[in-house]
Amino acid sequence: MKIAILPGDGIGPEIMAEAVKVLNVLDLSFETETAPVGGAAYEAAGHPLPESTLNLAKAADAILFGAVGDWKYDTLDRPLRPEQAILGLRKHLGLFANFRPAICYEQLTHASSLKPELVAGLDILIIRELTGDIYFGQPRGRRTAVDGHFPGAEEAFDTMRYSRPEIERIAHVAFQAARKRSKKVTSVDKANVLETFQFWKDIVTEVHQQYPDVELQHMYVDNAAMQLVKAPKAFDVVVTGNMFGDILSDEAAMLTGSIGMLPSASLDKANKGLYEPSHGSAPDIAGKGVANPLATILSVAMMLRYSLNQPEAAARIESAVQAVLSAGLRTGDIWSEGMQKVGTAAMGDAVVAAITCKTIPTITKS
Ligand code: NAD
């Protein structure tokens with residue numbers, strides 16, 4: 001097994017160091033190779049996704065990705081900005097299916113911005129299509145308007161588009177995932193306004209005929225945004241397009257207490273995947289040693305389960321995370337009164353201790 005390690009920018013290297021610590025105590029045989037990506041790669045090689053990094057990602061069995069981006073790169077031409085590395089990896093590796101589980105651990109119900117009774121036991125899976133939609137659709141750009149409300153004015157435009165095979169394959173992924181859970185899929189669209197999403201709805205409905213054992217519900221995205229904070233436990237598998245999925249998965253993140261807890265997997269058709277926390281590079285806290293590494297550590301668990309066929313090792317990590325939370329350890333983003341605040345490295349060390357059955361430091365009363 002070869003794992004490509006791409007730490008990236010901001011808190012990326014800090015959280016990745018903890019994920020690698022955890023990976024190294026699992027007694028698995030694998031090889032790792034680290035390469036720069038994002039702003040770090042732009043500094044080192046003049047491009048956010050240098051060919052050597054892309055080749056490593058292509059050759060590896062799985063990719064562990066930290067985060068990219070920093071405000072200081074906002075003035076670069078768009079193709080040179082750090083975030084282009086993620087889009088490039090998704091495109092070149094055909095990573096079309098993004099899995100974002102949103103699980104509210106019992107120990108963290110009070111860290112959620114919603115009432116504990118609304119989120120206790122929450123376990124939903126957002127499946128976001130990742131290589132189509134308005135993020136990739138051409139044409140896009142700036143021009144002088146020839147029609148519209150202000151002909152002759154400067155305007156910008158993007159193109160929302162989905163092809164039949166793109167929708168069919170993500171719909172299959174969602175129905176198959178639902179079969180392993182509670183057999184319920186909510187397809188989120190905006191069919192009342194957008195032609196692209198009427199097409200989406202029609203095709204999801206067609207594909208559903210092959211999965212009569214799975215319940216299918218359609219929901220407009222504005223209603224889905226509302227229902228996610230009103231009754232989130234009513235959802236199980238949610239499947240949606242690239243842009244709606246981007247937004248709804250961040251909303252779902254907050255139900256769980258912090259985006260610092262949420263792992264994600266982006267898979268190709270053979271289940272090769274890129275695994276990363278759902279959050280960004282958090283430049284506001286980078287270098288301070290306070291970032292929550294658990295989303296990245298839980299991404300390692302997803303990688304072991306989905307791409308590397310090591311479900312037992314995945315379960316060891318997940319149990320260790322639960323044990324650490326039960327012991328009362330919290331990084332700042334999930335901290336509450338009475339809990340012990342720890343930094344990034346101490347949180348990683350505690351997970352390692354839980355995996356290797358050493359004593360986890362517990363709350364010290366002052
Ligand atoms: P962000 O996710 O980086 O941060 C949002 C907020 O959450 C910040 O207050 C941050 O401190 C906090 N946060 C994020 N991760 C945390 C963690 N592990 N522990 C504790 N707190 C955490 O989003 P943003 O501020 O909108 O974007 C910052 C940069 O990240 C931008 O350059 C953006 O383009 C980039 N970005 C990258 C990715 C990616 O690499 N996949 C995803 C989203 C944003």
Side-chain angles (χ1 to χ4, degrees), residues 97-106 108-130 132-135 137 158 160-162 166-167 170-171 173-175 177-178 181-205 207-208 211 214-266 277-280 295 333-334 336:
N98 184 223
F99 282 56
R100 292 196 182 194
I103 296 171
C104 186
Y105 292 99
E106 196 196 317
L108 292 184
T109 46
H110 289 277
S112 170
S113 38
L114 295 193
K115 292 179 199 134
E117 62 268 28
L118 284 183
V119 292
L122 179 78
D123 179 358
I124 61 181
L125 175 62
I126 298 194
I127 299 183
R128 166 186 169 198
E129 199 290 329
L130 211 52
D133 205 349
I134 198 162
Y135 290 3
D158 297 278
M160 178 176 272
R161 59 194 288 182
Y162 264 122
E166 282 175 302
I167 303 171
I170 196 76
V173 166
F175 289 123
R181 297 171 52 99
S182 66
K183 298 191 177 167
K184 182 178 170 193
V185 170
T186 304
S187 170
V188 173
D189 61 57
K190 191 68 185 168
N192 50 342
V193 180
L194 298 169
E195 200 53 43
T196 313
F197 274 92
Q198 181 60 56
F199 188 54
W200 171 283
K201 184 174 180 178
D202 294 347
I203 291 172
V204 172
T205 306
V207 173
H208 177 231
Y211 300 87
V214 178
E215 183 192 334
L216 171 65
Q217 172 190 37
H218 299 281
M219 194 178 284
Y220 296 140
V221 63
D222 38 350
N223 187 24
M226 194 169 78
Q227 296 304 327
L228 263 178
V229 287
K230 185 169 175 239
K233 285 190 270 185
F235 292 99
D236 190 63
V237 172
V238 176
V239 63
T240 189
N242 204 344
M243 181 163 65
F244 299 156
D246 192 0
I247 299 163
L248 292 181
S249 57
D250 269 24
E251 186 187 358
M254 285 321 294
L255 305 175
T256 70
S258 168
I259 200 163
M261 290 300 300
L262 284 200
S264 83
S266 304
S278 296
H279 56 75
D333 56 311
I334 50 173
S336 58

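For A174 against V185, the heavy-atom pair with the smallest separation is O-CG2, 3.8 Å. Pairing each heavy atom of F235 with each of V238, the nearest pair is CD2-CG2, 3.6 Å. Across all non-hydrogen atoms, the minimal contact from L125 to A177 is CD2-CB, 4.1 Å. The two residues S182 and D236 come nearest to each other via the heavy atoms OG-CG, 3.0 Å. Contact detail for L118 and V229: the closest heavy-atom pair is CD1-O, 3.9 Å. In terms of heavy atoms, P101 sits closest to P263 at CD-O, 3.6 Å.
To the nearest 0.5 Å, atoms CG (L114) and NZ (K230) are separated by 13.0 Å. The NZ atom of K183 lies 13.5 Å from the CZ atom of F175; values are rounded to the nearest 0.5 Å. Separation of atoms NE2 (H218) and OG1 (T186) is listed at 10.0 Å; rounding is to 0.5 Å. Atoms CZ and OG, from R100 and S278 in turn, are 4.0 Å apart once rounded to the nearest 0.5 Å. Once rounded to the nearest 0.5 Å, the distance linking CZ of F244 with CE of M219 reads 14.0 Å.
S264 places a side-chain heavy atom less than 4.5 Å from the side chain of N98. Side-chain contact between D189 and Y220 is present, with at least one heavy-atom pair separated by less than 4.5 Å. The shortest distance between side-chain heavy atoms of I124 and L228 falls below 4.5 Å. Between K201 and S187 there is no side-chain heavy-atom pair separated by less than 4.5 Å. Using a 4.5 Å heavy-atom cutoff, the side chains of L108 and T256 are not in contact. Side-chain contact check for W200 versus D133: every heavy-atom pair is 4.5 Å or farther apart. The shortest distance between side-chain heavy atoms of E251 and I247 does not fall below 4.5 Å.
Screening V221, V188, I127 for a side-chain contact (heavy atoms from CB on, under 4.5 Å) with T240, the sole residue that qualifies is V188. D250 pairs in a side-chain contact (heavy atoms from CB on, under 4.5 Å) with only one of the listed residues (I259, L262, I126), which is I259.
Taking the six-membered ring where the residue is Trp, F197 and Y162 present perpendicular rings, their angle passing 60° and hence far from 30°.
No side-chain donor-acceptor contact under 3.5 Å links H279 and S258.
For the pair K233 (side chain) and E117 (backbone), a donor-acceptor distance under 3.5 Å is present. Judged by distance alone, with hydrogens and angles left aside, the side-chain atoms of T109 form no donor-acceptor pair with the main-chain N or O of P116 at under 3.5 Å. Without hydrogens or angle criteria, S112 side chain to L255 main chain gives a donor-acceptor distance under 3.5 Å. H208 places a side-chain N or O within 3.5 Å of a backbone atom of V214 that can act as its donor or acceptor partner. The backbone N or O of R128 sits nowhere less than 3.5 Å from a side-chain atom of N242 that would complete a donor-acceptor pair.
K190 has a carboxylate O that lies under 4.0 Å from a charged side-chain N of D222, or vice versa, which qualifies the two as a salt bridge.
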Stepwise side-chain contact (heavy atoms from CB on, under 4.5 Å) check, D246 with Y135 = CA-CA 10 Å; D246 192 0; Y135 290 3; 2.7 Å; yes

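Taking a 6.0 Å sphere around CD of E106, one finds it holds 12 or fewer heavy atoms contributed by other residues, nucleotides or ligands.
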